[in-house]
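The structure appears right after this line, and notes come after that.
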Amino acid sequence: MSVHDDVMDKAAVRHVIEDAVAGLHQDDIALRASTCDALGIGTPEWTACRDELIEELDEAEDWLDREEAIVESDTSAPLTDSDTGPEFLPSHATLALVQSAMEEELERSPDRVVRTQDPKWLTMLYQRLRAKGRGKAKFISHRALDDFQFRLPERTTVALVSDWGTGNVHAIAVAKQIALRKPDHVVHLGDVYYAGTPREVRKNFLEIWQAFGPQRARYWALNGNHDMYSGGYGFFEHLLPAFDQPASYFNLQNQYWRLLGLDTAYLNHRITPAQLAWLPAQLTGSARTILMTHHHLLSPFRKRGDAMEQALDPYLSAGQLFAWIWGHEHHLFEFADYRGVKCRCIGHGSLPYVPPDRRRRRHHAEIVRMETRPSPLNPSRGMHGFALLRFDGPALAIEYVDEVGGTAWTEEW
Ligand SMILES: [Fe+2]
């Protein structure tokens, strides 16, 4: 399984929503019986559920209309992950859940069609959206300030990859290239598509690593906005235990370097109070800190991560962050140093994207280098890849490896 092109087609998503709303308004007996049966509820309850579902889908459709109007008229407020690219990956929980349900239905249906009037489909869609009412998975907090600290060998190789949880051909190619480099650690910087459901965590993430990733590496993961669209249950209750990772934030350090992973998705584009309380105890000593987050601080296409910057302001002012690496934006960028911090975006893990020279910049962010080459696996889209960090005592060499084993560029810190 992997993400299907149809599911990333905005018109197809809109069509599915419109048909679902029409079907729910009709409320035929078969639909009612099938849904009541699946949910174990009676007809009066179903009426309330149906109204709720219609309302949610109407709201999602409004968002689609608004987004189109905004993209056309106001270039300062892009709302989608893929921005002006053709792949539709909305930063909207209901739409991500609709896409997630579509994906499952396409897998299930023998002729790979979403039968939008089928009571079984509408029931599945309803169950998927209803899960939103469950709220978020429980955030796992430290008890002691030295919790979630792990030893990084002084000589070691670490692969960083982000926005990789698609299970598509690029994800497989990138996993194979990571395996060839035999890293000791692999860190995923977040986003299992479409909505990080337990099923998606298994099929688009864990099974792909198992089949194609390095066998001996220790795996780590950060939380992303897409992981949270289904409440984060897939991430906290399935992904973290599979990696034997105790929480969504951690500190992997030796005497020279510190890889500090923070969760910026549990509170969207923010850092939870628990992590902020834990942070000062991590930033002691002379090791250089490389901060890793899913969300961006800087972006040429989206608003800056002001809330994160504000929360980390004391450490930025004190020069306690050496570098900050993030994903979320599906590109490979080297930014000019910001407040003395080396800033990199490595969100080009597997989602098809339009190379940035063909896109408009909307926000100020000084870019030194960027990946503009086409992907040999899909020449109308950009190249995918990951960052390979080779630590040798105080020296760190970084190679930005691409999906066919080439090198975008290298640098030494
Ligand atoms: Fe993201």
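Numbers here simply count residues along the sequence, with the first being 1. Each ligand, and each atom within it, is numbered from 1 in the order the structure gives.
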2.8 Å cut-off met by an N, O or S atom of His226 to the Fe ion (ligand 1): no

N, O or S atom of Asn225 closer to the Fe ion (ligand 1) than 2.8 Å: yes

Whether Trp278 and Tyr249 hold their rings parallel, tilted or perpendicular, with breakpoints at 30° and 60°: perpendicular

Closest His328 atom to the Fe ion (ligand 1) [N, O or S only]: ND1

Shortest-distance N/O/S atom, Asp191 versus the Fe ion (ligand 1): OD2

Ion pair Glu411/Lys342, N-O distance below 4.0 Å: no

Test applied, side-chain contact (heavy atoms from CB on, under 4.5 Å); reference residue, Arg128; option that passes from Thr94, Leu97, Thr123: Leu97

With Glu334 via side-chain hydrogen bond (donor to acceptor under 3.5 Å, both in side chains) - residues at least two apart: Arg369

